[in-house]
Protein chains: 2
Amino acid sequence: MFNAIAEGRRRDILVFLADAERPVGDIVAALELAQPSVSKHLKVLRDVGLVDVRRHGRQMFYRTNVHAIRPLHEWAGTFERFWSHQLARVKERAERSTARRR
Amino acid sequence: MFNAIAEGRRRDILVFLADAERPVGDIVAALELAQPSVSKHLKVLRDVGLVDVRRHGRQMFYRTNVHAIRPLHEWAGTFERFWSHQLARVKERAERSTARRR
DNA sequence: GAATTATATTCCCATGTAGGAATGTGTCAA
DNA sequence: TTGACACATTCCTACATGGGAATATAATTC
């Protein structure tokens, strides 16, 4: 999953499909990518569950499965509680360094 | 940055270095990886600013730069506002389907 | 059923990268 | 200064992956 998101275009696709399902052709047009390229990216995203598909006639409607992004959000969030600590540390060091200069 | 995080071992290293700076040897011992492998991963993390380094004698003390993870957290967070909507959609569909069955 | 549309898959090539082994570099200790 | 230690870098190989071009598949229309 982390791998799938590492690709910039795939992230673009996920954003594009976040609020509404859309056919492949729309993605091709909106992101200005080649159609086979889009299909391949969609396959990667499908395989890790980051998008859902629905067939309607000859069109395939894709939509971002926003729930699948939650693990990523949570993993990154585990570092959040360190932010304040580290900020305090940096600030303190800066103040000490300023004090020495006086 | 997204690329650097795509690697499982690198994520392990980031977690390990989140709360305290540690020399390379500690990482090697804790994660049971080969030393050159760890050094290479650390280089990748350094190049994208995900870790900071400090030399002390012959040891190199690494520490996760938790601020650098913020963009990832925020990117994933942009999907959060869709979670409730999509949940409602799924729930509604399930209820309709249940209703049909009655 | 043949042609057309929408999408998927395959083939080929170029590139990026992880691992392992070996070697290089910088620092300390005696 | 030499040896030992901590780490970084290089070389090689195997493998994954993205792009482009061509082709395949499925659904629709005439």
Side-chain angles (χ1 to χ4, degrees), chain A residues 1-65 68-69 71-72 75, chain B residues 1-65 68-69 71-72 75:
Chain A
M1 211 225 43
F2 285 84
N3 246 303
I5 289 180
E7 260 289 322
R9 282 90 187 242
R10 284 198 286 262
R11 288 197 300 278
D12 293 342
I13 291 176
L14 288 175
V15 169
F16 184 65
L17 297 176
D19 62 332
E21 63 175 9
R22 299 183 202 277
V24 177
D26 282 18
I27 306 173
V28 170
L31 306 187
E32 296 182 333
L33 297 172
Q35 176 265 315
S37 182
V38 170
S39 279
K40 285 182 222 169
H41 285 309
L42 287 171
K43 174 172 175 49
V44 174
L45 293 172
R46 245 185 302 138
D47 287 349
V48 297
L50 278 168
V51 295
D52 297 325
V53 211
R54 184 175 66 89
R55 160 154 253 147
H56 181 68
R58 357 181 195 194
Q59 307 196 23
M60 299 290 273
F61 285 83
Y62 282 84
R63 172 153 199 183
T64 299
N65 175 13
I69 297 176
L72 175 67
W75 184 85
Chain B
M1 210 226 44
F2 285 84
N3 248 301
I5 290 180
E7 259 289 320
R9 282 90 187 244
R10 285 199 285 263
R11 288 197 300 278
D12 293 342
I13 291 176
L14 288 175
V15 169
F16 184 66
L17 297 176
D19 62 332
E21 64 176 8
R22 299 185 202 277
V24 178
D26 283 18
I27 307 173
V28 170
L31 305 187
E32 297 181 331
L33 296 172
Q35 176 264 314
S37 182
V38 171
S39 279
K40 285 181 223 167
H41 285 309
L42 287 171
K43 175 171 173 49
V44 174
L45 293 172
R46 245 188 301 138
D47 288 350
V48 298
L50 278 168
V51 295
D52 296 326
V53 211
R54 184 176 67 88
R55 159 156 253 146
H56 181 68
R58 351 178 197 193
Q59 307 195 18
M60 299 290 273
F61 285 83
Y62 282 87
R63 172 153 199 184
T64 299
N65 175 12
I69 297 176
L72 174 67
W75 184 83

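Letters A, B, ... are given to chains in the order of the sequence lines, protein chains preceding strands, and every chain is numbered from 1. Worth knowing before you read on, the calculation uses all heavy atoms, side chains too, and leaves out hydrogens, waters and symmetry mates.
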For A/Phe61, which contact category applies under a 4.0 Å heavy-atom criterion: base, sugar-phosphate, or nothing?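 Result for A/Phe61 = nothing.
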Within the supplied structure, the quantity of interest is the number of heavy atoms (other residues, nucleotides, ligands) at a distance under 6.0 Å from B/Arg11 CZ; does it exceed 12?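 Above 12, so yes.
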Does atom CZ of A/Arg54 have more than 12 heavy-atom neighbours from other groups under 6.0 Å away?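 It does: A/Arg54 CZ has more than 12 such atoms within range.
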Nearest atoms (heavy-atom pairs only) where [X] meets [Y]:
X: A/Gln35; Y: A/Val28; result: CA-CG2, 3.7 Å
X: A/Asn3; Y: A/Arg10; result: O-NH2, 3.6 Å
X: B/Ala68; Y: B/Gly49; result: CB-O, 3.3 Å
X: A/Val15; Y: B/Trp75; result: CG2-NE1, 4.1 Å
X: A/Phe61; Y: A/Pro23; result: CE2-CD, 3.6 Å

Nearest-nucleotide wise, let me know which of A/Arg55 and B/Gly57 is further upstream toward the 5' end of DNA chain C.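 Per heavy-atom nearest nucleotide, the more 5' residue is A/Arg55.
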Between A/Arg63 and A/Asn65 (side chain of the first, backbone of the second, donor and acceptor by atom type, cut-off under 3.5 Å), is there such a pair?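 Not a single qualifying donor-acceptor pair exists.
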Mind grabbing the angle between the end helix axes of the helix from C/dG1-D/dC30 to C/dA30-D/dT1? Five pairs an end, 10° rounding.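 Computed angle between terminal axes is 10°.
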What range of DNA chain D does chain A touch, first nucleotide to last, counting atoms under 4.0 Å from its heavy atoms?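 In short, chain A contacts DNA chain D from D/dG18 to D/dT29.
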Check the distance between C/dA6's C1' and A/Arg54's CZ and give it to me in whole angstrom.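 Value for this atom pair: 15 Å.
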The single option from A/Val51, A/Thr64, A/Asp52 passing side chain to side chain contact (heavy atoms under 4.5 Å, CB included) against A/Leu45: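 Result: among A/Val51, A/Thr64, A/Asp52, A/Val51 is the only option passing the side chain to side chain contact (heavy atoms under 4.5 Å, CB included) with A/Leu45.
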Check whether any side-chain heavy atom of A/Ile5 sits under 4.5 Å from a side-chain heavy atom of A/Leu50, and report yes or no.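 They are in contact (side-chain heavy atoms under 4.5 Å apart), so the answer is yes.
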Its contact letters, B for base, S for sugar-phosphate only and - for none at protein heavy atoms under 4.0 Å, make nucleotides 10-25 of chain C read B-------SBB-B---
So, does the side chain of A/Arg58 form a donor-acceptor pair with the base of C/dT5 at under 3.5 Å?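 Checked by distance alone, the answer is yes.
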